[in-house]
Amino acid sequence: MEDGKKIILFDGVCNLCNGVIQFVIKRDKKDLFRYAPLQSELGQQLTKERAIDTARIDSFILIEPGTAYFIKSDAALEIAKDFGGFWNILRIFKWVPTSIRNAVYDFVARNRYRWFGRKDQCMIPTPELQAKFLG
């Protein structure tokens, strides 16, 4: 893994999650992030090392190696914070209690396959994006 890069673990078969990863890639002007499906060997290793129960957290996890990890709405807000500029306005949601933010997050996560569908296999990145994907 590359030093100084944050790792976003995501549900590789979820259409919404894959769309969010494409959204992040387009806005990651500082090249801060690397990506790995939760279903991958690396995804499983990283969650196991941090004792993250993927039966409960199964959509997005942001890992800052050697520092911290973030789940659910905290992960989304941390990712947006790194976009800078206009995206900093989303910091206002930090004032909303985590329990409320995560209730909304969990509602969407529970329904993501029904609303957005799912793939039979994890996303295969294009050759130009391949270096951003781990494992």
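Worth saying up front: this structure is predicted, and the values here are computed from it rather than measured.
- The ring pair (Phe, Tyr, Trp, His ring centres under 6.0 Å) check on Phe107 picks up Trp115, with sequence neighbours excluded.
- Legend: residues meeting side chain to side chain contact (heavy atoms under 4.5 Å, CB included) with Gln130, ordered by chain and number and at least two apart, are Pro125.
- For residues 45-56, there are no salt bridge (Lys or Arg N to Asp or Glu O under 4.0 Å) pairs, not counting sequence neighbours.
- The salt bridge (Lys or Arg N to Asp or Glu O under 4.0 Å) pairs that include a residue from residues 59-70 are Lys6-Glu64, where partners are two or more places apart or lie in different chains.
- The side-chain heavy atoms of Phe10 and Ser59, taken from C-beta on, include no pair separated by under 4.5 Å.
- Contacts of Ala75 classified as side chain to side chain contact (heavy atoms under 4.5 Å, CB included), with partners at least two apart in sequence or in another chain: Leu62, Phe70.
- Note: Asp58 CG to Leu38 CG = 7.5 Å, rounded to the nearest 0.5 Å.
- Under the 4.0 Å criterion applied to side-chain N and carboxylate O atoms, Lys72 and Asp106 are assigned as salt-bridge partners.
- One distance of note links CZ of Phe116 with SG of Cys17; it measures 9.5 Å at 0.5 Å rounding.
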Report the C-alpha distance between Lys5 and Leu32 in whole Å, list the side-chain angles of each, state the deciding distance to 0.1 Å, and finish with yes or no for side-chain contact (heavy atoms from CB on, under 4.5 Å).
-> CA-CA 5 Å; Lys5 301 295 181 188; Leu32 295 174; 5.7 Å; no
Applying side-chain contact (heavy atoms from CB on, under 4.5 Å), run through Ile52 and Leu46 and close with a yes or a no.
-> CA-CA 9 Å; Ile52 298 171; Leu46 292 171; over 6 Å; no
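- Salt-bridge check for Arg118 with Asp11: failed, with every basic side-chain N at 4.0 Å or more from each acidic carboxylate O.
- Between Phe133 and Ile25, some side-chain heavy-atom pair lies under the 4.5 Å cut-off.
- Scored by the side chain to side chain contact (heavy atoms under 4.5 Å, CB included) test, Ile71 finds Ile57, Ile61, Tyr69 as partners (sequence neighbours excluded).
- Every residue meeting the side chain to side chain contact (heavy atoms under 4.5 Å, CB included) condition with Val24, not counting sequence neighbours, appears here in chain and number order: Ile8, Val20, Phe33, Tyr35, Ile79, Phe83.
- The shortest non-hydrogen separation linking Arg112 to Cys14 is CD-SG, 3.3 Å.
- Pro37 is not listed as a side-chain neighbour of Leu9, based on a closest heavy-atom distance of 4.5 Å or more.
- Contact check for Phe60 versus Ile21: side-chain heavy atoms found under the 4.5 Å cut-off.
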Tell me which donor-acceptor pairs under 3.5 Å the side chains of residues 86-100 have, and how far apart each pair is, sequence neighbours excluded?
from: Thr98; atom 1: OG1; to: Arg101; atom 2: NH2; distance (Å): 2.9

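- Residue Gln44 comes nearest to Thr47 through the heavy atom pair O-OG1, 3.1 Å, listed as atom of the first residue, atom of the second, then distance.
- Evaluation of the side-chain hydrogen bond (donor to acceptor under 3.5 Å, both in side chains) rule for Arg114 yields Asn111 as partners, not counting sequence neighbours.
- A pairwise comparison of heavy atoms in Ala36 and Leu134 identifies CB-O, 3.7 Å as the closest pair.
- A distance-only check finds no donor-acceptor pair linking the side chain of Asn15 to the backbone of Tyr113 [under 3.5 Å].
- Side chain of Asn102 to main chain of Tyr105: no donor-acceptor pair is present (N/O by atom type, distance under 3.5 Å, no hydrogens or angles).
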